[in-house]
2 protein chains.
Amino acid sequence: MNIGNAAEKSGLSAKTIRYYEDIGLLQADRADNGYRDYSMSDVHRLRFLQRSRSLGFSVEECRQLLSLYSDKDRESATVKAIAKAKLTEIDRKLAELTELRDTLRLLVRNCHGDKRPDCPIIEGLGGKDRVAA
Amino acid sequence: MNIGNAAEKSGLSAKTIRYYEDIGLLQADRADNGYRDYSMSDVHRLRFLQRSRSLGFSVEECRQLLSLYSDKDRESATVKAIAKAKLTEIDRKLAELTELRDTLRLLVRNCHGDKRPDCPIIEGLGGKDRVAA
DNA sequence: ATAAAGGTTCTAGTGAGTGGAAGGTCAAGG
DNA sequence: CCTTGACCTTCCACTCACTAGAACCTTTAT
């Protein structure tokens, strides 16, 4: 399939897909006319990239995640270590996102129509105290 | 408190904090010596920024989220609309992140020691089909 | 007094795209 | 056959969100 189609299916722009090819994240086949040609498997990878990027992983982290996805050597210690580290990070992100959501919900519900300048909920918004990593 | 301290407490670098001030996200008081001076409330805001950024929200989105946080006019329709849109987005991110985690877990567990070139889990990695927005 | 640590501003560079020009390809209609 | 419009190609310049480093000032500890 052509790049426009792959873009639509993956949620990435065609420009971004070309850029990912440039930096070696995912190289596509070429049709006889020179057009890039994507398989469904490529589209899966692209969607995977779209998600991980939008969830705050860097391109380099996505490259590692993709290697879990594509690597024939999936049982290697390195790859497993990466996967485990990523899992930990994902769990942290999940916790933070959940907290953010709860706070926002509370804010929407409880501060509705409330004109008090110092809504008591505000102070909780920074999340629980924790030492910086 | 000085910027270094605020940086440590918020998880942002001092450079980033200065940058956020540059673009008008959060302006700090100044002490007599010219040093920036942060309150705990500022630190809450900074941590809030650190989180929302790391969870994939753009700086402009963070600016909106911060306005929920800081705005005295919290009951306004605009602000509430923003909050609701953000909540929807957060829920979507939560779902995606959960899916990513489950997939990664499955991959780590089930592909251990498995040298087959086409691990059947792989095909699931792109997530459920959905039409691009 | 002096050194180290931390603050200031400034300019420049990086990572991750995005926009637009200039041109090639393809399917449909006149 | 020719044109029109949608889609593809490459390339270069621009934006956004930092990040590094220089040059210099302030505070703290010895």
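None of the values given here were measured: they were computed from a predicted structure. Numbered from 1 within each chain, the chains take letters A, B, ... in sequence-line order.
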Original post:
Can you give one letter per nucleotide of nucleotides 13-18 of chain C, 5' to 3': B if a protein heavy atom sits under 4.0 Å from the base, S if only from the sugar-phosphate, - if neither?
Top reply: ---BBS

**OP:** State whether Glu89(B) and Lys86(B) are salt-bridged, where the test is any N-O pair (Lys NZ or Arg NE/NH1/NH2 against Asp/Glu carboxylate O) under 4.0 Å.
**Re:** yes

**OP:** Could you point out which residue of Asp42(A), Asn5(A), Leu46(A), Thr16(A) forms a side chain to side chain contact (heavy atoms under 4.5 Å, CB included) with Ser10(A)?
**Re:** Leu46(A)

Subject >> Separation of dG7(C) C1' from Asp29(B) CG (nearest whole Å) >> reply: 16 Å

Original post:
Could Arg30(B) and Asp37(B) be called an ion pair, given the rule that one side-chain N must be under 4.0 Å from one carboxylate O?
Top reply: no

Original post:
CD1 of Ile3(B) versus P of dG7(C): gap in Å, rounded?
Top reply: 7 Å

Subject >> Rounded distance in Å - CG (Asn5(B)) to C1' (dA5(C)) >> reply: 14 Å

**OP:** Using atom types as modelled and distance alone, determine if a side-chain donor or acceptor of Asn2(B) lies under 3.5 Å from a backbone N or O of Gly4(B).
**Re:** no

Original post:
Rounded to the nearest Å, what distance is computed from the CG atom of residue Leu12(B) to the C1' atom of nucleotide dT19(D)?
Top reply: 13 Å

Original post:
Distance check: side-chain N/O of Arg18(B) vs OP1/OP2 of dT8(C), anything under 4.0 Å?
Top reply: yes

Original post:
Where the side chain of Asp22(A) meets the backbone of Tyr19(A), is there a donor-acceptor pair that is under 3.5 Å apart?
Top reply: no

**OP:** Determine yes or no for a side-chain-to-main-chain donor-acceptor pair under 3.5 angstrom, with Arg45(B) supplying the side chain and Leu49(B) the backbone.
**Re:** no

**OP:** Inspect the surroundings of CD in Glu21(B) and state if more than 12 heavy atoms from other residues, nucleotides or ligands are less than 6.0 Å away.
**Re:** yes

Subject >> Length of the line joining Glu8(A):CD and dA6(D):P, which is rounded to integer Å >> reply: 15 Å

**OP:** Measure the distance from CZ on Arg63(B) to C1' on dA17(D) and round it to the nearest whole Å.
**Re:** 12 Å

Subject >> Short N-O contact, Arg63(A) and Glu60(A), less than 4.0 angstrom >> reply: yes

Original post:
Distance check: side-chain N/O of Arg36(A) vs OP1/OP2 of dT10(D), anything under 4.0 Å?
Top reply: yes

**OP:** Spell out protein contact along nucleotides 22-27 of chain C as letters: B when the base is contacted, S when just the sugar-phosphate is, - when no protein heavy atom is under 4.0 Å; keep the 5' to 3' order.
**Re:** --BBS-

Original post:
Any Lys/Arg nitrogen of Arg36(B) or Asp29(B) sitting under 4.0 Å from an Asp/Glu carboxylate oxygen of the other?
Top reply: no

**OP:** Take atom CZ of Arg30(B) and atom C1' of dT8(C), then tell me their distance rounded to the nearest Å.
**Re:** 8 Å

